[in-house]
Amino acid sequence: MLIGTWNVNSINMRKDHVSKFLQEFSVDVLALQETKVKTENFPGLLFKKLGYEIYHHGGKGRNGIALLSKIKAEDTKIGFEGLKDADFFPDAKERILGIKISNEVLKELWIFSVYIPNGGSVNSDYYFYKLQFLWKFRDFLELYFSKDTPLIIMGDFNVAPEDMDVYDPEILKETICCTEREKNAFKALLEFGLFDALRLKYPDKQGIFTWWDYQFFAFQKNQGMRLDHILITHPLIDKLEDIWVEKTPRGWKKPSDHTPLLAKFNF
DNA sequence: ATGCCTAGCTCCGCTAGA
């Protein structure tokens, strides 16, 4: 099974890229973020024609997450449903979406598409909202799952976990997505029992990025950050065959500023 | 290394993204 995650920065602008990508790479489950359309306005027909089930939740002009899956979901979860202070995170429904699927090998596999808030500027109200959102997401996982549940959490976390995940840790020191508090909140999330799949395979490899600024010729100079992640629980570790950033869509005409991250599993 | 892109929304300039 080939799965992937991609912040598309508007599905309406990127639907042809997504369609081309699904076909070229034969992706089984693709998580999308920043669809930027209301739930009911998702341009799904194109993907249905390619054999995908569409799961989407979005708001007006911002946020929005989706899962395009060749396997039909048996159950879904949206936002922080079930948590008693879920109302404190009104946009969570546009940021967290999970589906439960199964096949011959795994009788239960939950896959999530996640879009963690960007955080704006460091120490702003929105920055602290981002930190709380990361902590709350761990509470959410603990409510429904355990470290032994086969679980894939993928998406745009808006956190570069280590210095090696950015093109210049000195320039970016304590800037948004790179602060110690964000890194610690991300680590605390992993302590639920999640593993950063890319670092399982490539623990020390430098210069692996999933996002490049539209400005400054950042992509041409490979001045990016690794903000998109595929996190897995331990039952899936020995089933992970490979994981890689697929850079080609970032070079297509009118690209998203993010590029897909793909993972191949032997189930 | 902060707005030099980009997208959406609301009206042709603003906010947000990261």
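Labels below follow one simple rule: chain letters A, B, ... track the order of the sequence lines, proteins then strands, and each chain is numbered from 1.
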Starting at atom [atom1] of [X], determine the distance to atom [atom2] of [N], rounded to an integer number of angstrom.
{"X": "A:Asp125", "N": "B:dA16", "atom1": "CG", "atom2": "C1'", "result": "16 Å"}
{"X": "A:Phe219", "N": "B:dT6", "atom1": "CZ", "atom2": "P", "result": "14 Å"}
{"X": "A:Met13", "N": "B:dA16", "atom1": "CE", "atom2": "P", "result": "21 Å"}
{"X": "A:Lys36", "N": "B:dT15", "atom1": "NZ", "atom2": "C1'", "result": "10 Å"}
{"X": "A:Asp168", "N": "B:dT2", "atom1": "CG", "atom2": "C1'", "result": "15 Å"}
{"X": "A:Glu34", "N": "B:dA16", "atom1": "CD", "atom2": "P", "result": "13 Å"}
{"X": "A:Ile11", "N": "B:dG8", "atom1": "CD1", "atom2": "P", "result": "11 Å"}
{"X": "A:Lys130", "N": "B:dA16", "atom1": "NZ", "atom2": "P", "result": "15 Å"}

Which of the following nucleotides, [options], is nearest to the side chain of [X]?
{"X": "A:Tyr167", "options": "B:dG8, B:dA1, B:dG17", "result": "B:dA1"}
{"X": "A:Ile171", "options": "B:dT10, B:dA1, B:dC5", "result": "B:dA1"}
{"X": "A:Gln223", "options": "B:dA1, B:dC5, B:dG17", "result": "B:dA1"}
{"X": "A:Phe216", "options": "B:dC4, B:dG17, B:dA7", "result": "B:dC4"}
{"X": "A:Ser10", "options": "B:dC4, B:dG17, B:dG8", "result": "B:dG8"}

If you find the nucleotide of DNA chain B closest to A:Gly59 and the one closest to A:Ala218, which residue's nucleotide is nearer the 5' end?
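The answer here is A:Ala218.
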
Between A:Asn118 and A:Asn9, who's closer to the 5' end of DNA chain B by nearest nucleotide?
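Nearer the 5' end of the strand: A:Asn9.
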
Is any N or O donor-acceptor pair between the side chain of A:Tyr126 and the base of B:dA16 shorter than 3.5 Å?
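Answer no: no donor N or O sits under 3.5 Å from an acceptor.
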
Decide yes or no, distance alone: a donor-acceptor N/O pair under 3.5 angstrom between the base of B:dA1 and the side-chain of A:Glu170.
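Checked by distance alone, the answer is no.
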
Say we look at [N] and [M]: how far apart would their [atom1] atoms be, to the nearest angstrom?
{"N": "B:dC12", "M": "B:dG8", "atom1": "C1'", "result": "14 Å"}
{"N": "B:dC4", "M": "B:dC9", "atom1": "C1'", "result": "23 Å"}
{"N": "B:dT2", "M": "B:dG13", "atom1": "P", "result": "26 Å"}
{"N": "B:dT6", "M": "B:dT10", "atom1": "P", "result": "23 Å"}
{"N": "B:dA1", "M": "B:dG17", "atom1": "P", "result": "23 Å"}

Which part of the nucleic acid, if any, lies within reach of [X] when heavy atoms closer than 4.0 Å are counted: base, sugar-phosphate only, or nothing?
{"X": "A:Asp228", "answer": "nothing"}
{"X": "A:Gln33", "answer": "nothing"}
{"X": "A:Tyr115", "answer": "sugar-phosphate"}
{"X": "A:Asn63", "answer": "nothing"}
{"X": "A:Leu227", "answer": "sugar-phosphate"}

Modelled atom types, side-chain donor and acceptor of A:Asn9 and A:His258, under 3.5 Å
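No.
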
Quick one: is [N] close enough that its OP1 or OP2 comes under 4.0 Å of any side-chain N or O from [X]?
{"X": "A:Arg62", "N": "B:dG8", "value": "no"}
{"X": "A:Arg14", "N": "B:dA7", "value": "yes"}
{"X": "A:Lys254", "N": "B:dC5", "value": "no"}
{"X": "A:Lys253", "N": "B:dT6", "value": "no"}

Cationic tip of A:Lys136 within the cone over A:Phe89's six-membered ring, i.e. under 6.0 Å and within 45° of the normal?
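No, A:Lys136 does not lie over the aromatic ring of A:Phe89.
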
Would you verify whether the NZ or CZ of A:Arg226 falls within 45 degrees of the ring axis of A:Phe209 while also being under 6.0 Å from that six-membered ring's centre?
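Here A:Arg226 fails the 6.0 Å and 45° test against A:Phe209.
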
Measure the acute angle between the ring planes of [X] and [Y], then classify it against the limits of 30° and 60° as parallel, tilted or perpendicular.
{"X": "A:His229", "Y": "A:Phe186", "result": "tilted"}
{"X": "A:Phe219", "Y": "A:Trp212", "result": "perpendicular"}
{"X": "A:Phe137", "Y": "A:Phe80", "result": "tilted"}
{"X": "A:His17", "Y": "A:Trp6", "result": "parallel"}

